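See below for the structure under consideration.
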Amino acid sequence: MATSSSSRRGWMSSVQSIASRVYFFLIILQIPLFRIPCRAGMCSAPIHVTSSQLIASEIFPVPVIKGLLYPGAIVSGLVNNRTVARWDDLLSIYNLTSVKEASAVTDLQRLEVLAGSYFSVAGALVGILKPSRMSMFGTLLVIWGLIKEGILGKPGNTDPSQSVYVYPTMLIAVLCAFSSIKYDVKKVRRIAPARPIAKPVASSSKSKLK
């Protein structure tokens, strides 16, 4: 019995570790998950949404944001153009050079996607070291924002090139986000002790009959 429980825990931890790593590479390498309007034009990954907001608000230095963008830029350059993206060209590649002058209305209309992108990026980075629920929470927020934008039509958009689109890779991100959560099996198995049902005492039942 102890061997089966320990093997089950080992299997679950390996699944969580693999899911966390897959989610990390999905986010860091900027695999397209969706397509939605943002300050930088059209964003297809949580890091792109997050970077445009961070540069516009000047919360973090630009080199830090470039460090987040660079792995995905390298992969995109090798796949599309068979060239390695230059560090100095990152802002122009992602259309972030004039993002400070762009209107903030685009992000304010899609707060769920913006907040979910923040949690997704943070969850991907933290999940490599320790499993957390930020990845799941961020992914659910992004999905709700996409549903709100696409199905409910809020805000409305008539331009097909600016329409919302969800890629099949989003399903992989959802599965990895849920699989990377660390569940405490002991707490799940812990059941509250059943309360004993009070039985009438013989003397009291006799008194009732009298």
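Residue numbers count from 1 along this sequence. No experiment lies behind these values; they were computed from the predicted model shown. Side-chain atoms are counted along with the backbone in the values below, which use heavy atoms only and exclude waters and symmetry mates.
A pairwise comparison of heavy atoms in G116 and L141 identifies CA-CB, 3.6 Å as the closest pair. When all heavy atoms of V126 and M134 are compared, the pair lying nearest together is CG2-CE, 3.6 Å. Here the closest non-hydrogen pair linking S120 and V142 is OG-CG2, 4.3 Å. Across all non-hydrogen atoms, the minimal contact from A40 to N95 is O-ND2, 2.8 Å. Scanning both residues, A73 and L90, for their nearest heavy atoms gives CB-CD2, 3.5 Å. The two residues V113 and S117 make their nearest non-hydrogen contact at O-OG, 2.7 Å.
Q16 places a side-chain N or O within donor-acceptor distance of the main-chain N or O of I181, the cut-off being under 3.5 Å. Using modelled atom types, one side-chain atom of H48 and one backbone atom of Y94 make a donor-acceptor pair closer than 3.5 Å. A donor-acceptor pair under 3.5 Å links the side-chain atoms of T169 to the main chain of P32, judged by distance alone. The main-chain N or O of C176 is found under 3.5 Å from a side-chain atom of S180 such that the two form a donor-acceptor pair. When atom types are taken as modelled, the side chain of Y23 and the backbone of S179 share no donor-acceptor pair closer than 3.5 angstrom.
Around CZ of F25, the count of heavy atoms belonging to other residues, nucleotides or ligands within 6.0 Å does not exceed 12. Counting non-hydrogen atoms of neighbouring residues, nucleotides and ligands closer than 6.0 angstrom, the CZ atom of F34 exceeds 12 such neighbours.
A continuous path of Ile, Leu, Val, Met, Phe, Trp and Tyr side chains, each step under 4.5 Å between heavy atoms, connects I47 with V22, placing both in one hydrophobic cluster. Under the 4.5 Å side-chain heavy-atom criterion for Ile, Leu, Val, Met, Phe, Trp and Tyr, F137 and L171 are members of distinct hydrophobic clusters. In the hydrophobic cluster analysis, where Ile, Leu, Val, Met, Phe, Trp and Tyr join through side-chain heavy atoms closer than 4.5 angstrom, V121 is grouped together with I172. In this structure, M136 is a member of the same hydrophobic cluster as I147, with clusters built from ILVMFWY side-chain heavy atoms closer than 4.5 Å. Hydrophobic clustering places I93 together with V84 (ILVMFWY residues linked when any side-chain heavy atoms are closer than 4.5 Å, directly or through intermediates).
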Could you go through the side-chain contact (heavy atoms from CB on, under 4.5 Å) check for M170 and L146 one step at a time? CA-CA 11 Å; M170 177 61 79; L146 295 173; 4.0 Å; yes
Worked verdict on F60 versus L68 for side-chain contact (heavy atoms from CB on, under 4.5 Å): CA-CA 11 Å; F60 288 100; L68 289 175; over 6 Å; no
L125 vs I27, test: side-chain contact (heavy atoms from CB on, under 4.5 Å). Steps then yes/no. CA-CA 9 Å; L125 296 175; I27 299 298; over 6 Å; no
Should L96 and L69 be marked as a side-chain contact (heavy atoms from CB on, under 4.5 Å) after you check the CA-CA gap, both sets of side-chain angles, and the distance that decides it? CA-CA 11 Å; L96 298 175; L69 293 171; 3.7 Å; yes
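Rounding to the nearest 0.5 Å places CG of D89 at 8.5 Å from NZ of K66. Atom CZ of R110 is separated from atom CZ of R39 by 12.5 Å, given to the nearest 0.5 angstrom. Here the OG1 atom belonging to T50 is positioned 11.0 Å from the CZ atom belonging to F119, to the nearest 0.5 angstrom. Taken from SG in C43 to CG in L33, the straight-line distance is 12.0 Å, to the nearest 0.5 Å.
Y118 is listed as a side-chain neighbour of L54, based on a closest heavy-atom distance under 4.5 Å. Residues L91 and V62 form a side-chain contact, since some pair of their non-hydrogen atoms from C-beta on lies under 4.5 Å apart.
Residue V75 forms a side-chain contact (heavy atoms from CB on, under 4.5 Å) with just one option from I31, I28, N80, L29, and that option is L29.
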